[in-house]
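Both ligands and their constituent atoms are indexed starting at 1 by order of listing. What you are looking at is a predicted structure, and each value in this text was computed from that prediction instead of being measured.
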Amino acid sequence: MSSWILETEKLTKTLGGKAVVNDVKLQIGKGDIYGFLGPNGAGKTTTIRMLLGLAKPTHGSIRIFGKELRKERLAILRKVGSLVEYPSYYGHLSAEENLETVRRLLDVPRTRIGEVLDMVRLTSESKRPVKGFSLGMKQRLGIATALLGQPELLILDEPTNGLDPAGILEIRELIKRMPEELGVTVVVSSHLLSEMEQMATRVGIIAKGRMIFQDSIQSLQAKAPAKIRLGVSEPESAWRMLLSAGYQADWDRSRLTVNGANDHIAAAIVSSLVRHDFEVYRVEREGASLEHIFLDMTGGEGSL
Ligand SMILES: Nc1ncnc2c1ncn2[C@@H]1O[C@H](COP(=O)(O)OP(=O)(O)OP(=O)(O)O)[C@@H](O)[C@H]1O
Ligand SMILES: [Mg+2]
């Protein structure tokens with residue numbers, strides 16, 4: 001028995017004679033927020049549709065909660081909530097009424113509606129017709145719907161697509177709370193690594209149908225060249241001091257940078273500068289390096 005809550009083996013989907021998902025091995029642990037990343041057309045939605053039993057794999061297998069999806073589809077999917085692409089609603093009905101239509105199908109207690117509305121912070125808007133909702137509110141209602149059946153696994157396909165920064169932040173904060181507060185494992189797809197960095201515990205990167213990286217977010221971050229840029233008083237003498245202290249510092253008359261500075265080393269550098277009476281105005285990680293890694297891995301097709 002494996003310890004993964006969701007696991008695929010050689011998962012493949014051929015569409016129009018092309019393998020749009022090719023030999024994919026997903027491994028998702030209980031309590032993970034799994035960031036499923038890839039540029040447009042990489043195969044994320046196709047994979048997710050197979051995980052939800054909405055599309056049939058051409059080859060390969062899917063195990064969820066330790067059971068074969070092919071054999072125990074209904075028992076498995078009862079404990080999976082999902083939001084794939086743009087959810088559809090009855091626009092003239094309120095959020096509460098829309099949830100009620102789904103609640104009846106799932107046969108969960110009526111009190112559950114208040115709970116999920118509260119979870120996605122829509123309680124105060126729950127009586128308004130959904131047609132007046134912003135895109136962010138609609139996405140939150142979609143997540144509320146996905147949570148109605150108290151799922152153990154929640155699968156969200158690009159839930160922040162098309163949202164403004166405030167909407168993105170709201171969804172991110174909501175997702176981050178889920179494993180702890182609801183005991184749910186979350187799979188969330190995105191083409192933005194920067195977004196995943198702020199919530200995922202584990203990431204899988206897919207490009208042209210193939211999985212090219214899968215591990216903890218920390219091990220992805222460890223691949224990023226750790227370079228920091230410093231804003232300090234008297235940068236030239238700060239540079240000499242850092243060099244003599246053994247750091248890989250560079251000074252080109254406008255920028256003071258240090259290579260090989262992970263968080264721990266960056267903290268030591270700052271405290272050393274302060275001890276030597278330099279004023280530190282700014283410490284920045286150089287050039288969103290994780291995005292660069294992502295672009296490298298995906299052959300330059302990633303979105304930023
Ligand atoms: N019915 C189909 N017939 C042929 N090719 C298809 C079909 N549906 C999808 N594809 C192709 O499969 C590939 C993967 O599509 P998919 O929607 O899974 O990508 P995605 O990673 O979700 O992309 P996006 O970020 O744009 O949502 C794309 O190249 C797409 O053109
Ligand atoms: Mg998609």
**Request:** Tell me which one of K208, K13, K44, M50 gets a heavy atom nearest to atom 20 (P) of ligand 1.
**Result:** K44
**Message:** Going by the closest heavy atom to atom 26 (O) of ligand 1, which one wins out of I48, T47, I206, N40?
**Reply:** N40
Out of all atoms in ligand 1, which are within 4.0 Å of some heavy atom of [X]? Include the element for each.
X	answer
K18	29 (O)
T46	14 (C), 15 (O), 16 (P), 18 (O)
T45	17 (O), 18 (O), 20 (P), 22 (O), 27 (O)

Salt bridge present between [X] and [Y] (N-O < 4.0 angstrom):
X	Y	result
E97	K127	no
E170	R121	no
R285	D263	yes
E100	R104	yes

**Message:** Check this for me: K10, atom NZ, are more than 12 non-hydrogen atoms of other residues, nucleotides or ligands nearer than 6.0 Å?
**Reply:** no
**Message:** Just checking R177: does its CZ atom have more than 12 heavy atoms from other residues, nucleotides or ligands closer to it than 6.0 angstrom?
**Reply:** yes
**Asked** Within the side chain of R73, is there an N or O that forms a donor-acceptor pair under 3.5 Å with the backbone of G53?
**Response** yes
**Prompt:** Is G43 in contact with ligand 1, taking contact as a heavy-atom separation below 4.0 Å?
**Reply:** yes
**Prompt:** Is it true that some N/O/S atom of S189, main chain or side chain, lies under 2.8 Å from the Mg ion (ligand 2)?
**Reply:** no
**Complete:** Rounded to the nearest 0.5 Å, the OG atom of S126 sits from the CG atom of L117 at a distance of 5.5 Å
**Request:** Between V20 and ligand 1, find which residue part has any heavy-atom pair under 4.0 Å and reply side chain, backbone, both or neither.
**Result:** side chain
**Message:** For H191, which part has a heavy atom under 4.0 Å from ligand 1: side chain, backbone, both, or neither?
**Reply:** neither
**Asked** Any protein heavy atom lying closer than 4.0 Å to atom 30 (C) of ligand 1?
**Response** no
**Request:** Examine A42 against ligand 1 and note whether any of their N/O atoms are separated by less than 3.5 Å.
**Result:** yes
**Asked** Taking both backbone and side-chain atoms of E158, is any N or O found less than 3.5 Å from an N or O belonging to ligand 1?
**Response** yes
**Fill in**
atom 28 (C) of ligand 1 sits nearest the protein heavy atom G41 O, 3.6 Å
**Identity and separation of the nearest protein heavy atom to atom 2 (C) of ligand 1** = L15 CD1, 3.8 Å
**Message:** Whether the T257 and N259 side chains hold a donor-acceptor pair (N or O, under 3.5 Å, no angle test) is what I'd like checked.
**Reply:** no
